[in-house]
Amino acid sequence: MDKLPPLNALRAFEAAGRLGSFKEAAAALHVTPGAISQHVRLLEDWLGAPLFERHNRRVQLTPAARVYLDDIGPLFQQLSQATARYGVPRPVSRTLSVNAPATFTLRWLVPRLGRFRAGHPDVEVSVETSNDPLDSLQAPHDIIIRGGPDTFYGFAMRPFLTEERLPVCSPALLDRQPLREPDDLRHHTLLHTSSLPRLWPDWLARARASGLTPAATLTFDHFYLTLQAAIDGIGIAIGPTALVADDLAAGRLVMPFDAPRLPSRTYCTYVPDAQAEDARVAQFRTWLEHEGAAG
């Protein structure tokens with residue numbers, strides 16, 4: 001027993017080594033990254049050897065530390081199983097953290113979340129919006145929704161929703177100024193989004209109307225504002241079919257042209273490898289895929 005290292009330090013090392021990140025280990029153990037770093041240094045001092053090679057945003061185990069982790073990892077699992085058999089009550093599960101783009105969240109996810117809550121009343125969900133790349137997110141999340149399919153080290157990816165893009169507008173706008181062919185767009189206001197400047201030029205090119213000059217243009221900094229302006233009859237937007245499906249079904253928007261359709265990236269879930277076996281993550285992913293298949 002005298003040769004046992006400090007157990008808190010050992011636990012911090014196991015989490016950091018398994019997750020490959022002090023920050024993710026801190027989130028898993030509900031402590032600060034600084035506490036994980038201190039515990040790891042304490043264990044390194046106790047062992048008299050380094051355990052990690054420090055890089056910018058991640059840490060990498062030394063070869064000797066990898067062997068050490070392989071040896072002690074099963075011991076923590078055995079300890080957890082033995083404690084569960086002893087009958088200690090399991091702690092209340094933490095909130096499921098989801099990160100998704102703002103327009104997708106507002107126009108597709110939020111209107112459907114009630115169905116997930118009805119089917120899984122025991123799962124608390126926290127939704128944060130962001131368009132940042134996965135490797136730029138400051139905090140860990142259980143599920144990240146982005147376009148794809150892409151491959152990221154340390155994440156498992158699954159697609160769940162496809163879409164195309166084509167013009168949409170309010171039916172009242174067409175009553176005032178009909179659209180029979182793409183050339184008629186010259187009599188309308190075209191709605192743009194500053195972060196997606198190629199939508200109209202690309203669509204007009206496919207419609208063989210590249211030289212068209214509209215009556216006016218209006219640009220917004222967020223895609224959801226552009227779509228809202230279309231609903232309010234201000235002009236015509238290029239709408240993603242998945243994100244305007246509810247508006248089309250309710251008659252708030254119409255598609256004046258059925259073609260051409262711009263291809264778009266598929267919505268995918270990206271889950272950190274450490275969360276891959278989490279039952280709540282699996283439930284939410286399966287629900288997303290069911291909703292995506294339903295259209």
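Annotation: side chain of Pro178 is not in contact with side chain of Asp184 (no heavy-atom distance under 4.5 Å). Residues Trp46 and Pro6 form a side-chain contact, since some pair of their non-hydrogen atoms from C-beta on lies under 4.5 Å apart. Proximity of Thr286 to Arg158: side-chain heavy atoms (C-beta onward) are separated by under 4.5 Å at one or more points.
Val40 and Leu42 sit in two unconnected hydrophobic clusters of ILVMFWY residues. Membership requires side-chain heavy atoms under 4.5 Å apart, directly or through other members. Each of Val244 and Leu191 belongs to its own hydrophobic cluster when Ile, Leu, Val, Met, Phe, Trp and Tyr are linked at side-chain heavy-atom distances under 4.5 angstrom. Note on Leu248 and Phe223: same hydrophobic cluster, where clusters join Ile, Leu, Val, Met, Phe, Trp and Tyr whose side-chain heavy atoms are under 4.5 Å apart, directly or indirectly. When hydrophobic clusters are built by joining Ile, Leu, Val, Met, Phe, Trp and Tyr residues whose side-chain heavy atoms come closer than 4.5 Å, directly or via intermediates, Met255 is not grouped with Trp108. Following chains of ILVMFWY side-chain contacts shorter than 4.5 Å, one cannot reach Ile231 starting from Phe104, and the two form parts of different hydrophobic clusters.
Here the side chain of Asp278 pairs a donor or acceptor atom with the backbone of Arg280 at under 3.5 angstrom. Listed for the Asp142 side chain is no donor-acceptor partner under 3.5 Å among the backbone atoms of Val281. No side-chain donor-acceptor contact under 3.5 Å links Arg265 to the backbone of Thr162. With hydrogens and angles disregarded, a donor-acceptor distance shorter than 3.5 Å links the side chain of Thr105 to the backbone of Pro101. Listed for the Tyr270 side chain is a donor-acceptor partner under 3.5 Å among the backbone atoms of Asp150. When atom types are taken as modelled, the side chain of Arg165 and the backbone of Leu199 share no donor-acceptor pair closer than 3.5 angstrom. In this structure a side-chain-to-backbone donor-acceptor pair under 3.5 Å is present from Thr241 to Glu164. Side-chain N or O atoms of Trp203 include none that pairs as donor or acceptor with a backbone N or O of Leu166 at under 3.5 Å. Remark: the backbone N or O of Leu51 is paired with a side-chain donor or acceptor of Glu44 at under 3.5 angstrom. Judged by distance alone, the side chain of Arg18 and the main-chain N or O of Ala15 form no donor-acceptor pair under 3.5 Å.
Note that the CG atom of Leu47 and the CZ atom of Phe13 stand 8.0 Å from one another [nearest 0.5 Å]. Remark: Gln177 CD to Leu173 CG distance equals 8.0 Å, nearest 0.5 Å. Residue Leu218 holds its CG atom at 10.5 Å from CG of Leu190, rounded to the nearest 0.5 Å. Here the OG1-CG distance, from Thr219 to Leu196, works out to 11.5 Å after rounding to the nearest 0.5 Å. With rounding to the nearest 0.5 angstrom, the CG atom of Asp247 is 11.5 Å from the OG atom of Ser170. Distance CG/Leu106 to CG/Leu243: 9.5 Å, rounded to 0.5 Å.
Annotation: Glu277, atom CD; neighbour count of heavy atoms from other residues, nucleotides and ligands within 6.0 Å does not exceed 12. Annotation: Arg208, atom CZ; neighbour count of heavy atoms from other residues, nucleotides and ligands within 6.0 Å does not exceed 12.
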**Message:** Let's go through Arg261 and Asp258 carefully: what are the C-alpha distance in whole Å and the side-chain angles of both, what is the deciding distance for salt bridge (charged side-chain N to carboxylate O under 4.0 Å, His left out) to 0.1 Å, and is it a yes or a no?
**Reply:** CA-CA 7 Å; Arg261 296 185 174 219; Asp258 189 55; 2.7 Å; yes

**Prompt:** Under the side chain to side chain contact (heavy atoms under 4.5 Å, CB included) criterion, do Leu96 and Glu124 qualify, and how do the steps go?
**Reply:** CA-CA 6 Å; Leu96 183 70; Glu124 294 293 331; over 6 Å; no

**Message:** Could you walk me through whether Arg252 and Asp246 satisfy the salt bridge (charged side-chain N to carboxylate O under 4.0 Å, His left out) test, starting with their C-alpha distance in whole Å, then the side-chain angles of each, then the deciding distance to 0.1 Å, before giving a yes or no?
**Reply:** CA-CA 9 Å; Arg252 292 185 291 269; Asp246 293 345; 6.0 Å; no

**Full working for side chain to side chain contact (heavy atoms under 4.5 Å, CB included) between Val123 and Phe284** = CA-CA 9 Å; Val123 180; Phe284 198 82; over 6 Å; no

**Prompt:** Step by step, would you call Ile236 with Val168 a side chain to side chain contact (heavy atoms under 4.5 Å, CB included)?
**Reply:** CA-CA 6 Å; Ile236 304 171; Val168 294; over 6 Å; no

**Request:** List the steps, then state whether side chain to side chain contact (heavy atoms under 4.5 Å, CB included) holds for Leu288 with Leu161.
**Result:** CA-CA 8 Å; Leu288 285 173; Leu161 180 65; over 6 Å; no

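By the side-chain hydrogen bond (donor to acceptor under 3.5 Å, both in side chains) test, Asp202 pairs with Arg198, sequence neighbours left out.
Across all non-hydrogen atoms, the minimal contact from Gly233 to Arg176 is O-NH2, 3.2 Å. The shortest heavy-atom contact between Ala12 and His39 is CB-CB, 3.5 Å. The shortest heavy-atom contact between Pro182 and Ala209 is CB-CB, 4.5 Å. Between Ser97 and Pro140, the shortest heavy-atom contact is OG-O, 4.2 Å. Between Phe52 and Gly17, the closest heavy-atom pair is CZ-N, 3.7 Å. Here the closest heavy-atom approach between residue Trp200 and residue Ala237 is recorded as CZ2-C, 4.1 Å.
Centroid-to-centroid, the aromatic rings of Phe160 and Trp287 stay 6.0 Å apart or farther. You'll find the ring centres of His222 and Phe220 outside the 6.0 Å limit.
For the residue pair Thr269 and Arg285, a side-chain donor N or O sits within less than 3.5 Å of a side-chain acceptor on the partner. When only modelled atom types and interatomic distance are considered, Arg146 and Asn131 share no side-chain donor-acceptor pair under 3.5 Å. Side chain to side chain, Thr226 and Thr193 meet the donor-acceptor criterion of an N or O pair below 3.5 Å.
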